[in-house]
Protein chains: 2
Amino acid sequence: MVKPSDFELKLLRHLWQRGRLSARELHDASAAETRWSYSATRKTLERMVEKGLVRIEAFHGLNTYAASQSKIETLAVLASAFARDVLDLDAPLPAAAFAGSKLVSPGEIAELEALLEQLSDAAKGEDKV
Amino acid sequence: MVKPSDFELKLLRHLWQRGRLSARELHDASAAETRWSYSATRKTLERMVEKGLVRIEAFHGLNTYAASQSKIETLAVLASAFARDVLDLDAPLPAAAFAGSKLVSPGEIAELEALLEQLSDAAKGEDKV
DNA sequence: ATCCTCATGCGACGGATGTCGCATCTATGT
DNA sequence: ACATAGATGCGACATCCGTCGCATGAGGAT
């Protein structure tokens, strides 16, 4: 699972919400936040494809892009990095941390928690070696 | 207030805990985690001085370094960036998020919350303009 | 006076990322 | 057939950061 940068995350959010988009559509949707030129949006998108964050698919010559890593997976990577690097926590972040976010429904929070625990267990395993 | 990178944070932790240290002392204390050469530690330290994260002071020719941004301030920047960029939260992170961390005492959590609220209010102000 | 050790200043390289422009190709209107 | 608009591939530059090495210099040991 890949950890996106802050800007990459902004693009991902639109893709999660709206599914598959062309570069132009994604740019129009996100330009207000990023304040990027169309070129900048496209280049970032291109790199996200290389990294495996986004899947590209052409329809009759028009490239379209869709997230290839789910919102929950992505939040899990980000949250566990925060817990480990910043808070120096062993256990995963408690669900309460996500409670106020409009990004995740209660059902998704449950899913997230499961993933987080998995990640933190995996980390412990590596430690021992 | 400056947002440190993950590695810079590792160095800062030692400075918060032990106060002023020489480059050598800091390196010996942190090399296990960073797995860096002495040169790498020094260079990072040098850049942290430029950024204003650390204050340098020479005693009879020996350089010593101390954190110039407190633990709580730093956690506040990091936590509010996480809340804003990742969780897309308007309000600051709830105290519950920090509860399990050995880095902060209950008293410090209170201090943190105050700071976080300040930061989130400031952000709203800028938004409106 | 000579040598060794350690600190210091500073340069360098590579990868990630933010940012942008240009040359080319393709479909479409006239 | 030709011009125009938009999409695409790709190159480029700057900055940050992880990482390291070298040359110089100062203080102590012989």
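The basis for the numbers below is simple: all heavy atoms, side chains too, and nothing from hydrogens, waters or symmetry mates. In the text below, chain A, chain B and the rest are named by the order of the sequence lines, each starting its count at 1. Remember, it's a predicted structure, so these values are computed and weren't measured experimentally.
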Q. Do R24(B)'s NZ or CZ and the ring of Y38(B) fall within the cation-pi criteria of under 6.0 Å and 45°?
A. yes
Q. Roughly, in whole Å, what's the span from CG in L45(B) to C1' in dG18(D)?
A. 14 Å
Q) In terms of side-chain heavy atoms of L62(B), which of dT8(C), dT8(D), dG18(C) is nearest? A) dT8(C)
Q.
So if I take every side-chain heavy atom of R24(B) and compare against dT8(D), dA7(C), dT8(C), which nucleotide ends up nearest?
A. dA7(C)
Q.
Rounded to whole Å, how long is the line connecting atom CD of E8(B) with atom P of dG18(D)?
A. 6 Å
Q: Hey, which sits more toward the 5' end of DNA chain C by its nearest nucleotide, F7(A) or S39(A)?
A: F7(A)
Q. Within this structure, what is the CG-to-C1' distance between D28(B) and dA7(C), rounded to whole angstrom?
A. 13 Å
(Q) Just to be sure I understand the rule, does K3(A) reach a base, reach only the sugar-phosphate, or reach nothing, if contact means heavy atoms closer than 4.0 Å? (A) nothing
Q | E46(B) CD - dA12(C) P separation (whole Å) | A | 14 Å
**Q.** Closest-nucleotide 5' rank along DNA chain D - winner of K51(B) and S37(B)
**A.** K51(B)
(Q) So if I take every side-chain heavy atom of S5(A) and compare against dT8(C), dG18(C), dA7(D), which nucleotide ends up nearest? (A) dG18(C)
Q. Of all the choices, dC10(D), dA7(D), dC10(C), which nucleotide is nearest to the side chain of R42(A) once you look at every atom?
A. dC10(D)
Q: May I ask you to evaluate whether K43(A) reaches the phosphate of dA12(D), defined as a side-chain N or O under 4.0 Å from OP1 or OP2?
A: no
Q: Kindly point out which of dC17(D), dC20(D), dA7(C) is positioned nearest to the side chain of Y38(B)?
A: dA7(C)
(Q) From C-beta outward on R47(A), which listed nucleotide comes closest to its side chain: dG21(D), dC10(C), dA12(D)? (A) dA12(D)
Q. What's the OH-C1' distance between Y65(A) and dT8(D), to the nearest Å?
A. 8 Å
Q. Can you tell me how far P of dG18(C) sits from NZ of K10(A), to the nearest Å?
A. 11 Å
Q) How close or far is atom P of dA7(C) from atom CZ of F59(B), stated in whole angstroms? A) 17 Å
Q) Within this structure, what is the CD-to-P distance between E50(A) and dG9(D), rounded to whole angstrom? A) 12 Å
Q. Among L11(B), L9(B), L15(B), whose side chain to side chain contact (heavy atoms under 4.5 Å, CB included) with R13(B) holds?
A. L9(B)
Q.
Under 4.5 Å between side-chain heavy atoms, counting indirect links through other Ile/Leu/Val/Met/Phe/Trp/Tyr residues: same cluster for L45(B) and V2(B) or not?
A. yes
Q.
Please find the pair of heavy atoms, one from A79(B) and one from L116(B), that lie closest to each other, and give the distance.
A. CB-CD2, 4.1 Å
Q) Does OP1 or OP2 of dC17(D) have a side-chain N or O of T44(B) closer than 4.0 Å? A) no
Q.
Using the rule given for side chain to side chain donor-acceptor pair (under 3.5 Å), can you reason through T64(B) versus E57(B), listing the C-alpha separation, both sets of side-chain angles and the distance that settles it, and then say yes or no?
A. CA-CA 5 Å; T64(B) 61; E57(B) 198 169 322; 5.8 Å; no
**Q.** Out of dG9(D), dA7(D), dA7(C), whichever nucleotide has its closest atom nearest the side chain of N63(A)
**A.** dG9(D)
